[in-house]
Engineer: 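I'd like to ask you about the structure that follows.
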Amino acid sequence: MGPHPAVAAIRLAVRRVLNDLLAEHGRTPGRLTPDERSSSPLVLAACSGGADSMALASALAFEAPRAGLRAGGVTVDHGLQAGSDLRAAEVASRLRELGLEPVESVAVTVGRAGGPEAAARDARYAALDAAAERHRAAAVLLGHTRDDQAETVLLGLARGSGIRSLSGMAAVSGADGRYRRPFLQLDRQTARKACLVQSLPVWDDPHNTDPAYTRSRLRHEGLPALEKALGKGVVEALARTAQLSRDDADALDAWAGRAAAGVRDADGRLECDALHDLPPAVRRRVLRRAAIEAGAPAGSLFARHIEEVDRLVTGWRGQGAINLPGRVVARRQGGRLVIRQG
């Protein structure tokens, strides 16, 4: 008798990602001999102890040895709740019980930049990056589901940040494709069911139901209201929108990358006339890229910033310099657009 359908779906999603990693490393699936183990690529599961990430860790522990890969785990203690260190230690213990090795619990300090959710996310990814580098991991698996993707698309829509924010989370992201998200086509309930039938202990983070957090309100109030008004299938439709938007955004980014060199003069300054001739979607991408290259933090650079810079090209009326995040300043000088740190 085979595994429960939820467990089978979770394992298949992880197996596909592991097979992709093997292909990238020029390997074929197959169990490791003891001599091969030390040189085999390591894959880490990022695990909070919630249903999504516990299902992920369990599937990785099952699939990695069969694929010929080593599997470990990382849990991050954000220090935002009383007893969080004990909870992180408990999650680490569960990961070891699954057979993952190495396993690490990493404590972080969460700042305030960008709000509590963004600050916690920044601290978490910094910790995961550091753990991956310490252990020379080939990849870090994340347990984001189709439901998470739908929430991300709606948050992007609310921010009005353009098609890139509507594309949600990528299946592969980070430096050298470090982060992999096997579950973007699976719903949250499948992961929870997989934990239930395998008797995997699950911790439900109270922040996930705290209305003080935007994503929590969206999850428990916004999406249910949309489904009540529009019928079932909203989550699936939003996930499809993410993929279609990502395809479009990737194509426009590639176009902007090719166009960027052709709109600069011999000194590397942006020529306003050449910029003006570009389609708006391409021009704004060129401007965004120039601002980031000048030192503006990508996460703090919003559509409204780029729109103001764009007006220096398309609606020039002698206006002054535009201040951007990261102490970057954009100004028009003699038909050229100068973007640099002030």
Engineer: Identify the two heavy atoms, one from A259 and one from V282, that lie closest to each other, and give their separation to 0.1 Å.
Structural biologist: CB-CG1, 4.1 Å
Engineer: Could you report the tightest heavy-atom contact between L324 and A330, atom names first, then the distance?
Structural biologist: CD1-CB, 4.4 Å
Engineer: Sub-3.5 Å donor-acceptor pair from the side chain of R96 to the main-chain atoms of E101, do we have one?
Structural biologist: no
Engineer: Distance-only, no hydrogens or angles: does the T75 side chain make a donor-acceptor pair with backbone N or O of A88 under 3.5 Å?
Structural biologist: no
Engineer: With clusters defined by side-chain heavy atoms of hydrophobic residues (ILVMFWY) lying less than 4.5 Å apart, directly or transitively, does L56 cluster with M54?
Structural biologist: no
Engineer: If only atom types and distance count, is the side chain of T145 paired as donor or acceptor with the main-chain N or O of D187 below 3.5 Å?
Structural biologist: no
Engineer: Examine distances only and state if a side-chain atom of D265 and a backbone atom of D267 form a donor-acceptor pair shorter than 3.5 Å.
Structural biologist: yes
Engineer: Donor-acceptor check, side chain of S58 to backbone of A55, threshold 3.5 angstrom: yes or no?
Structural biologist: no
Engineer: Does the distance from a Lys or Arg side-chain N to an Asp or Glu carboxylate O, for D253 and R258, drop under 4.0 Å?
Structural biologist: no
Engineer: Is there a side-chain contact between Q319 and L312 (heavy atoms, below 4.5 Å)?
Structural biologist: yes
Engineer: Looking at R304 and E308, is there a salt bridge between them, counting it only when a charged N and a carboxylate O are closer than 4.0 Å?
Structural biologist: no
Engineer: Between the side chain of R178 and the main-chain N/O of A137, is any donor-acceptor distance below 3.5 Å?
Structural biologist: no
Engineer: Any side-chain to backbone donor/acceptor pair from R331 onto V338? Under 3.5 Å, distance only.
Structural biologist: no
Engineer: Among the clusters formed by ILVMFWY side chains lying less than 4.5 Å apart, do V7 and I10 turn up in the same one?
Structural biologist: no
Engineer: With the threshold set at 4.0 Å, does a side-chain nitrogen-carboxylate oxygen contact exist between E271 and R264?
Structural biologist: no
Engineer: With a 3.5 Å distance limit and no angle check, can you tell me whether S93 reaches the backbone of A89 through a side-chain donor-acceptor pair?
Structural biologist: no
Engineer: Using 0.5 Å steps for rounding, measure from the CG atom of L21 to the CZ atom of R180.
Structural biologist: 4.5 Å
Engineer: So, do S167 and D250 sit near enough that their side-chain heavy atoms are less than 4.5 Å apart?
Structural biologist: no
Engineer: Please answer whether the main-chain N or O of R27 pairs with a side-chain N or O of H25 as donor and acceptor at a distance below 3.5 Å.
Structural biologist: no
Engineer: What about L278 and I306, same hydrophobic cluster or not, with Ile/Leu/Val/Met/Phe/Trp/Tyr joined at side-chain heavy-atom distances under 4.5 Å?
Structural biologist: yes
Engineer: Could you pull out the closest heavy-atom pair between V202 and A51, with the gap in Å?
Structural biologist: CG1-N, 3.4 Å
Engineer: Any donor-acceptor pair under 3.5 Å linking the side-chain atoms of T152 with those of R215?
Structural biologist: yes
Engineer: In terms of side-chain geometry, is the basic nitrogen of D204 or R192 positioned less than 4.0 Å from the acidic oxygen of its partner?
Structural biologist: yes
Engineer: Within a strict 4.5 Å, meaning less than it, do heavy atoms of the V140 and Y125 side chains meet?
Structural biologist: no
Engineer: As a quick check of understanding, evaluate side-chain contact (heavy atoms from CB on, under 4.5 Å) for D148 and R181, giving each step before the final call.
Structural biologist: CA-CA 11 Å; D148 297 307; R181 297 177 174 87; over 6 Å; no
Engineer: Answer whether the closest heavy-atom distance between the side chains of L154 and L226 falls below 4.5 Å.
Structural biologist: yes
Engineer: With rounding to the nearest 0.5 Å, note down the distance linking NE2 in H144 to CD in Q149.
Structural biologist: 9.5 Å
Engineer: Check the surroundings of atom CZ in R246: do more than 12 heavy atoms from other residues, nucleotides or ligands lie under 6.0 Å from it?
Structural biologist: yes
Engineer: Just wondering, more than 12 heavy atoms not from W255 lying within 6.0 Å of its CH2?
Structural biologist: no
Engineer: Are any side-chain N or O atoms of R217 and backbone N or O atoms of P211, one a donor and one an acceptor, separated by less than 3.5 Å?
Structural biologist: yes
Engineer: So that I can tick it off, tell me whether D77 and R87 are bridged by a salt bridge, with the cut-off set at under 4.0 angstrom between side-chain N and carboxylate O.
Structural biologist: no
Engineer: Contact between V14 and F183 at the side-chain level, heavy atoms closer than 4.5 Å - yes or no?
Structural biologist: yes
Engineer: Indicate every side-chain donor-acceptor pair of residues 103-110 with a distance under 3.5 Å to a residue at least two apart or in another chain.
Structural biologist:
unit_1, atom_1, unit_2, atom_2, d
E104, OE1, R134, NH2, 3.3
E104, OE1, H135, NE2, 2.7
E104, OE2, R134, NE, 3.3
E104, OE2, R134, NH2, 2.6

Engineer: In this structure, would V76 and L42 fall into the same cluster of hydrophobic residues linked by side-chain contacts under 4.5 Å?
Structural biologist: yes
